[in-house]
Enquirer: 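Shown below is the structure under consideration.
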Amino acid sequence: MTEEVSVPESHPRYESLLTRHRIEAGVERGITSKQGLIAEGRGEAFDYLLGEETTDSADRAARAAAAYLLSAEHAVVSVNGNAAALVPEELVELADVTGAELEVNLFNRTRERIEAIADYLREHGAEGVKGLDADARIPGLDHERAKVDSDGIYDADVVLVPLEDGDRAEALGEMGKTELVVDLNPLSRSPQVATVPIVDNIIRAIPTITEHARELAGDPAAQQAAIETFDADAALADAKRRIREVEA
Ligand code: PTJ
């Protein structure tokens, strides 16, 4: 996103102020829901407690996520209003490097917002954005996130789910899919049930996954090793420990 904030890069909270500004601009453009502002506040609090940096354990999770995306038959990156506003270019790059598809999937679903997000992703270089057909449903969910494309998330074996504290990750798991979740709150429902919980800010996590994917591409043995050595429970425990042990 190119809109800039009038905060110097030297400001100690530059990154979080930039992030907040992107969400605000997302709401103004009709990309992000008003609830997205609240979600941003929740995320910022956890980022603060985690030291506003990618921990070693989050980096290992990002590597495992990259390996799953590369070795998938059909990988899809789910995009909501917060993810689109924060990292549009980075999501397109991740999709390019891993061969994953992008699908818009919203909790506060409106046709206008779906189209605004798809347009925004295309402005940032995406091709063939999914989510507009919504001709299939994830079984067991009675809200709008259940609506998916039959040749997108419904058909995928690996789905990256960013920034949602809800029941969809579990429902995707019940469909036999591998879920990769980006969420700063290790107690949020989605990372708790994810195959790979990546407890990190999406603005750092997506570029980190892409970096690992570049390195792991064309090396199935290294991909397998990244998957086999990853321990989801240990990753969540590590994030919780960090939060408990934070010092001023
Ligand atoms: O665009 P829509 O209509 O699909 O709605 C999107 C929101 C984000 C409002 C909705 O899907 C939602 O689930 O919001 P919640 O319940 O507040 O959950 C968002 C989760 O993302 C929380 O656990 C936050 O801690 C986390 N989060 C917020 N910002 C970030 C984040 N995690 C990583 N990076 C962030 N920048």
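When a residue number appears, it is its place in the shown sequence, counting from 1. Both ligands and their constituent atoms are indexed starting at 1 by order of listing. The shown structure was predicted, so the numbers you read here are calculated from the model rather than taken from an experiment.
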Enquirer: Which ILVMFWY residues are connected to Leu187, directly or by a chain of links, through side-chain heavy atoms under 4.5 Å apart?
Expert: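 None, because no other hydrophobic side chain comes under 4.5 Å of this residue.
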Enquirer: For the residue pair Val148 and Arg137, establish whether any side-chain heavy-atom pair is separated by less than 4.5 Å.
Expert: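 A side-chain contact under 4.5 Å is absent here.
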Enquirer: Quick one: which of Arg145, Lys130, Lys147 gives a side chain to side chain contact (heavy atoms under 4.5 Å, CB included) with Asn105?
Expert: Arg145
Enquirer: List, ordered by chain and residue number, the protein residues whose closest non-hydrogen atom lies under 4.0 Å from any atom of ligand 1.
Expert: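 Only Ser33, Gln35, Gly36, Ala39, Arg42, Gly43, Asn80, Gly81, Asn82, Leu86, Leu106, Phe107, Asn108, Arg113, Arg145, Leu163, Glu164, Asp165, Asp183, Leu184, Asn185, Ser188, Asp200, Asn201, Ile202 have heavy atoms that fall under 4.0 Å of ligand 1, ordered by chain and number.
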Enquirer: Kindly list each side-chain donor-acceptor pair under 3.5 angstrom involving residues 60-70, sequence neighbours excluded, with atom names and distances?
Expert:
{"residue": "Arg63", "atom": "NH1", "partner": "His212", "partner atom": "ND1", "Å": "3.1"}
{"residue": "Arg63", "atom": "NH1", "partner": "Glu215", "partner atom": "OE2", "Å": "3.3"}

Enquirer: Going by the rule salt bridge (Lys or Arg N to Asp or Glu O under 4.0 Å), which residues pair with Arg204 if we only count those two or more places apart in sequence or in a different chain?
Expert: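 For Arg204 the salt bridge (Lys or Arg N to Asp or Glu O under 4.0 Å) partners, ignoring immediate neighbours, are Glu15, Asp47, Asp200.
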Enquirer: Out of Val87, Ile23, Ile31, Leu37, which one pairs with Asn82 under the side chain to side chain contact (heavy atoms under 4.5 Å, CB included) rule?
Expert: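 So the option named by the test is Ile23.
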